[in-house]
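Scroll down for the structure; my scribbles are underneath it.
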Amino acid sequence: MYRSLTLSRGTQQSSDTALVARCQKADITAFNEIVARYKNKIYNYLYRMTGNAEDAEDLTQEVFVRMYTNIGAFRAQASLSTWLFRIAGNLCVDAFRRGKKERSLVHSLDAPVAGSEDAEEGASATRDVPDWSQEPESMLGRKELGAHIQAALQRLPPKLRSAVILHDIEGLAYEEIAQSESIPLGTVKSRIFNARVALREHLRPYLEA
Amino acid sequence: MGTMLDCKKVQPQLSEYVDGALDGDAAWSIKLHLATCAVCSRVESDIRGTAELLGRLPEMTPSSSFEAKLAARLADQVLQPRRPGLWSRLRDWWYDAPYARPMVGSAAALAALAPLLFLLPRTTVDQSNSKEIKVAAATNGSTLEQVWAEHASSDPFGDDSSLLLSATAQSGEGFGASDEPAHD
């Protein structure tokens with residue numbers, strides 16, 4: 001199993017290298033192949049980072065525009081996927097810095113619900129979180145589960161969020177994350193550990209189910 | 001039961017343990033500790049559960065119009081012809097106008113050599129001698145123009161000794177030419 005996975009990754013790596021070489025010679029079909037191969041992974045990462053479909057799609061397009069304009073500078077020291085995730089991560093950081101995306105994304109479970117009577121009165125109203133202990137069946141609802149996990153992800157600091165998304169959702173190895181984020185391996189491990197510990201507090205109802 | 005120190009060492013490694021990233025000995029030590037420590041065992045179970053929940057999230061996909069929007073964006077941002085910059089326009093001109101290259105090369109060489117004109121020594125009278133000339137003129141009673149003319153003709157390099165010699169010769173002092181016997 002592990003061996004076949006490694007072989008599969010190796011094959012894709014060499015295929016990526018060939019695609020990049022063609023793309024560097026302005027072969028638009030190679031560019032389209034790269035887009036087709038990675039658009040879902042990049043979009044998924046950006047969706048989990050931003051929590052917003054529109055922002056994720058906009059940023060994903062920007063990732064491929066940046067890839068197209070900078071493909072000449074790409075060297076095969078890193079894998080193509082690592083490079084793309086790095087571009088995506090940098091774009092996310094820029095977007096969060098501007099504040100626009102972060103504001104639209106963070107739906108804190110403790111924050112007052114906009115438009116609610118309590119919010120207008122300035123009371124400490126909180127989002128309507130289902131009482132999972134009373135309705136165990138509803139916990140199985142995939143949409144609700146997904147929304148709750150997404151809300152928990154949004155509460156993490158962006159650095160921890162990015163590390164845990166890349167590892168647990170996108171399936172990148174520690175070394176690949178270190179390369180993508182330009183951080184030491186030990187930092188990757190501690191970020192993933194801290195992110196998981198923080199997430200388990202928010203996801204405890206699911207973990208105890 | 002594991003000690004507190006053991007738990008402090010073990011818990012930061014639980015994430016790697018869950019991922020199977022620890023080597024054999026380290027993984028075995030953790031496994032032994034977990035078998036005897038309920039607290040760490042609970043943390044390990046939570047971390048494993050959290051990772052599994054994240055891994056079960058469905059993959060989100062972009063809209064069906066993603067490629068069309070991307071193509072439009074690329075055409076708008078990247079493939080749009082832009083006015084070339086000054087450097088690229090100069091480069092194009094250089095390649096398109098071979099007849100102008102010798103002229104440009106000569107002009108560049110002249111421009112490079114121009115500073116040397118100011119650095120080379122000049123053959124004109126050194127104006128720094130003017131003070132001594134005035135002193136000599138006052139001493140000899142001759143006009144300033146006469147002393148200037150003598151100085152210029154006697155020593156092109158502005159040597160002070162010849163000026164002083166000529167001044168003393170005219171006044172009849174020292175070892176001037178008048179003391180020497182005439183050679184008829």
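Below, read A as the first sequence line, B as the second, and so on, with proteins coming before strands; counting in each chain starts at 1. This one's a predicted model, so the numbers in the text were calculated from it and none came from an experiment.
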### Query
Salt bridge check: are D58(A) and R73(B) linked by an N-O gap of less than 4.0 Å?
yes
### Task
Give the minimum heavy-atom separation between Y47(A) and M60(B), together with the two atoms involved.
CD2-CG, 3.4 Å
### Query
About how many Å separate CD1 of I149(A) and CZ of R56(B), when rounded to the nearest 0.5 Å?
7.5 Å
### Message
Quick check: closest heavy atoms across I47(B) and F193(A), and the distance to 0.1 Å?
### Response
CD1-CE1, 3.8 Å
### Task
Find the distance between OG1 (T50(B)) and CD1 (I192(A)) and round it off to the nearest 0.5 Å.
13.0 Å
### Task
Let me know if E67(B) has heavy atoms under 4.5 Å from chain A in its side chain, its backbone, both or neither.
side chain
### Task
Run the numbers on E52(B) and D168(A) for side chain to side chain contact (heavy atoms under 4.5 Å, CB included), then give the verdict.
CA-CA 8 Å; E52(B) 283 174 5; D168(A) 287 346; over 6 Å; no
### Summary
Turns out that what part of Y174(A) lies under 4.5 Å from chain B's heavy atoms comes down to side chain
### CZ-CG distance between F31(A) and L70(B), expressed to the nearest 0.5 angstrom
5.0 Å
### Query
If you look at every heavy atom in R196(A) and S15(B), which pair is closest and at what distance?
NH1-OG, 2.6 Å
### Task
To the nearest 0.5 Å, tell me how far K189(A) NZ sits from E16(B) CD.
4.0 Å
### Message
Assess the residue pair L54(B) and L153(A) against the criterion (side chain to side chain contact (heavy atoms under 4.5 Å, CB included)); give the C-alpha distance rounded to whole Å, side-chain angles, the decisive distance to 0.1 Å, and a yes or no.
### Response
CA-CA 10 Å; L54(B) 290 171; L153(A) 280 171; 4.2 Å; yes
### Task
Please look at S45(B) and chain A and tell me whether the side chain, the backbone, both or neither of the residue comes under 4.5 angstrom of a heavy atom of that chain.
neither
### Task
Kindly indicate whether the side chain of T60(A), heavy atoms from C-beta on, has any atom under 4.5 Å from the side chain of P62(B).
no
### Query
Around D23(B), counting heavy atoms of other residues, nucleotides and ligands shown, do more than 12 lie under 6.0 Å from its CG?
yes
### Which portion of V35(A) sits near chain B, non-hydrogen atoms under 4.5 angstrom
side chain
### Summary
Value for OH (Y68(A)) from CG (L74(B)), rounded to nearest 0.5 Å, stands at 6.5 Å
### Message
Using side chain to side chain contact (heavy atoms under 4.5 Å, CB included), reason through L57(B) and R48(A) one step at a time and then give a plain yes or no.
### Response
CA-CA 10 Å; L57(B) 279 174; R48(A) 296 301 172 196; 3.9 Å; yes
### Point-to-point distance, once rounded to the nearest 0.5 Å, from CZ of F64(A) to CZ of F66(B)
5.5 Å
### Query
Where on E62(A) is there a heavy atom nearer than 4.5 Å to chain B: the side chain, the backbone, both, or neither?
both
